[in-house]
Protein chains: 2
Amino acid sequence: MTYRDQLVGERTDVLDRFTLSAHVVDSPLTPNERVASWLAERAAVNQFQVERVPLDALSGWQFNAESGNLEHDSGRFFSVEGVRVRTDRTWIAEWTQPIIVQPEIGVLGILVREFDGVLHCLMQAKMEPGNINKIQLTPTVQATRSNYLGVHRGAQIPYLDYFTGEGGGRTLVDALQSEQGAWFLGKRNRNMVVETLDDVPEAADFCWLTIGQIRRLLAVDHLVNMDTRTVLSCIPFHAPGAFAEPASPFVASVLHSIGPDSSPVHEMTEVLSWLTELRARRELLQRRVPLYRAAEDGWYWTRDAVEHRSGKYFRIVGINAALGNREVPSWTQPILAPVDAGLLALITKRISGTLHVLVQARADAGSLNGAEMAPTVHCQPANYRDLPDHCRPHYLDQVLSADPARIRYDRMQSEEGGRFLHAVNRYLIVEADEDFPERTPAEYRWMTLRQLTSLLTHCNYLNVELRSLIACLNSVW
Amino acid sequence: MTYRDQLVGERTDVLDRFTLSAHVVDSPLTPNERVASWLAERAAVNQFQVERVPLDALSGWQFNAESGNLEHDSGRFFSVEGVRVRTDRTWIAEWTQPIIVQPEIGVLGILVREFDGVLHCLMQAKMEPGNINKIQLTPTVQATRSNYLGVHRGAQIPYLDYFTGEGGGRTLVDALQSEQGAWFLGKRNRNMVVETLDDVPEAADFCWLTIGQIRRLLAVDHLVNMDTRTVLSCIPFHAPGAFAEPASPFVASVLHSIGPDSSPVHEMTEVLSWLTELRARRELLQRRVPLYRAAEDGWYWTRDAVEHRSGKYFRIVGINAALGNREVPSWTQPILAPVDAGLLALITKRISGTLHVLVQARADAGSLNGAEMAPTVHCQPANYRDLPDHCRPHYLDQVLSADPARIRYDRMQSEEGGRFLHAVNRYLIVEADEDFPERTPAEYRWMTLRQLTSLLTHCNYLNVELRSLIACLNSVW
């Protein structure tokens, strides 16, 4: 009996079925050797024209005369407004900044179907105007509420019915999850996986891949887009236990940390109390204000951008996009362009025989629910270049100087290309050695992967950057 | 071996210890026969003077000249502002209303200690200016963040250290939970239970009661205050199984519904997906606006109140309070006074052998997280008196005309007396008979008590009205 036969034979529930799909790393439906050429072909067939335009050349978008907010004539899509934030941090405790306001919940949905007993995901090769590399691998559907209510009168979104309850099918994953709190005000999307038994036609930009195949693609820079990473992170697994032949001691310890034998240093009650305590004790006052008030804090306007006088953070710029595989042939829009790449790093360590990851509780300007769990290091390092040492984020220097032999994942990945222009982060996972201190500052906690996974059923526990890293960490097995 | 000895002998974890305390319905520390006289004595010893004053006579409070918001000079405590709400409901889809803004998280904490092997709760006989009946039974500590940071320079709050981590002790329950979404903008408090091993001195207004004793007091109107009810609802129990001698078939079915043998009609994945779907699909746009803008929707100002021209909903009024057992001897404040009593009703029904409760997904003007689970009926019936029948809330007529023989709980209880003046609701639990339809409108779902309890570890699933009803429902066993 092969390993695969064993797994198929053992399948008793949806977790087992997801686990099997994660272990199947190639498939006749779309063989791995075809994936690169299929993506190249889709990129070649579809035009990708994105150019910067002045903000006053955006069609349908206006700076509101009274507030200075950048708004669409329809009152839909999103707007760029100001947010005033007051915290009790010692360093930059209070500020006003531009922020994207999009008070509606969209769908990020992967349609799955069994072929030859193995769940396959219907993935799309999709262009987004902010992509650094034209085309990326996205969920079956990425739709804002405006999209699916047809506000922009574009073409019908393929496969959307499966995620609105009109297409039948069984919902396997369905959780509201937050997006970039530094750039979005309280934004969340619905992360869904829906299984169908239908004989689904495969449209031109779509193909079926196993979870294992998608994971392999996480080894490539800027290929698996943010929306795919966050949906992947919400898929629960059984640690496959005795079947697995772990490729390395680290892989073995990841699997053990997901499994029922993992032994956390803090019980779940303690972890939730730690987060609740920080949410309650730390001040985080957020108030939407007219965008023009950001001028008080160093933001200024040119014809081409809203940007900060320090040259840090991000710019709001305008683009004109003509993308071949989109519902509308061309459009203009504002977009948020980070000035520098970010660093998102996770320190892991075996403690009392179980691999733990070090998470921090972090609140951003746009956090809906106070602090969420974030990567060990979550920053744009360039923002700290001119600041005294005591302002540097905890653990930043440790991850930057990590022994290459202890780096378990290190890739550049993109954030969402519909709202962000060339927003890229270095995703880094380090396995600390025995000497690494277990004692942490108050905002940090060691958690097992089993604990983190159990929280992904609920909203606003793990921020999008940590969810992405969890997807990357799971790509090692 | 007595029933009690059996339970003590069986104790293996905190759930068992809570369950034991729930089953101990009298205690030598504060015998039941003493409770009423102790409360009467505390009420007699402490003065309670509350009188209405004009809004312009509030000391330290001003209507902001620009926004019309009612604010405290310190910028702390709370303010009364406007909120503009847009929904996709067919009836009153869009409106502006006054709302209490208090963007900080307070603590509602019960300190517990074991006496003779049984957990006892340190409860306070506390006056709040809005109480309809002077004194009520409150948690050990009710403190706003301003309170515990000493903003009002009042006397030290007794026992607060146990809830700030400075008093030692073990946190058994710690969850952020929402409060009245129709009256508060995104308000939440931390619901905590902390166990101490210390020999805690019992201050004058405090006494030790078992969970069973507090539950018995839920049979009295307006005695167990809202804060106690919500903390009680967050305490997890084991269904005591074979030990218990259920007092009635209904009690037996409540215990079965809490226990591991309960069989839900919808799996948890389905229930969470239903709530996520409603949070995502229903429009709920909330925007803080200047209070003066509420005038556009029929709110008007007199010297004595901000109120609605229809005579419905609530009024914002001023009071002067001198309460004997408070940190500051006297003060003035604005307070929200509902015009009518509300009705909060839960329909329960045995389905496939397991008791289910019928919850609705409901969003209010101030909901932080979109819809939460709410009682089957949640309304002020008087608001509907002049409206056509199709606007009446679902199930309102069924609960109002319920056969008295099927009513399992029916008491008047108060909402929080610090922000609300004489805010009272009828809490009603009905056991529907076999013929009651199991098919429901899309916003309703049948859930077991085990399912509801498991969600109380996390924030913003059950609204405060439903949590109160869960505490009332648990008082039957």
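A, B, ... follow the sequence lines: proteins, then strands. Residue 1 opens every chain. These numbers were taken from a predicted model, which means no experiment stands behind them.
Interface residue L455(B): only side-chain heavy atoms are found under 4.5 Å from chain A. Looking at N189(B), there are no atoms closer than 4.5 Å to chain A (heavy atoms on both sides), in backbone or side chain. When heavy atoms are compared at a cutoff of 4.5 Å, L176(B) approaches chain A by way of both its backbone and its side chain. When heavy atoms are compared at a cutoff of 4.5 Å, R86(B) approaches chain A solely by way of its side chain, counted from C-beta outward.
By number of non-hydrogen pairs under 4.5 angstrom with chain B, the leading residue of M192(A), Q286(A), R288(A) is R288(A). Ranked by heavy-atom pairs under 4.5 Å with chain B, the list V107(A), L284(A), T164(A) is led by T164(A). In terms of heavy-atom pairs under 4.5 angstrom with chain A, the leader among E270(B), R287(B), R170(B) is R287(B). Heavy-atom pairs under 4.5 Å with chain B were tallied for E104(A), R279(A), E277(A); the largest tally goes to E277(A). Per-residue counts of heavy-atom pairs under 4.5 Å with chain B were compared for E283(A), M268(A), H458(A); the largest is that of H458(A). Interface remark: of the candidates T171(B), T457(B), L285(B), N369(B), N369(B) forms the most heavy-atom pairs closer than 4.5 Å to chain A.
Going from atom CG of L368(B) over to atom SG of C459(B) covers 8.0 Å, rounded to the nearest 0.5 Å.
Checking T96(A) against R84(A) by side-chain atom types alone, a donor-acceptor pair falls below 3.5 Å. Between the side chains of S178(A) and E372(A), at least one donor N or O lies within less than 3.5 Å of an accepting N or O. No hydrogens or angles considered: nothing links the side chains of N191(A) and Q177(A) as a donor-acceptor pair under 3.5 Å.
Between the S273(B) side chain and the T269(B) main chain, no donor and acceptor come within less than 3.5 Å of each other. Put simply, the side chain of S79(B) never gets that close to the backbone of E81(B): no donor and acceptor are under 3.5 Å apart.
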Verdict with supporting geometry, R293(A) and E296(A), salt bridge (Lys or Arg N to Asp or Glu O under 4.0 Å): CA-CA 6 Å; R293(A) 285 199 45 199; E296(A) 297 162 19; 3.3 Å; yes
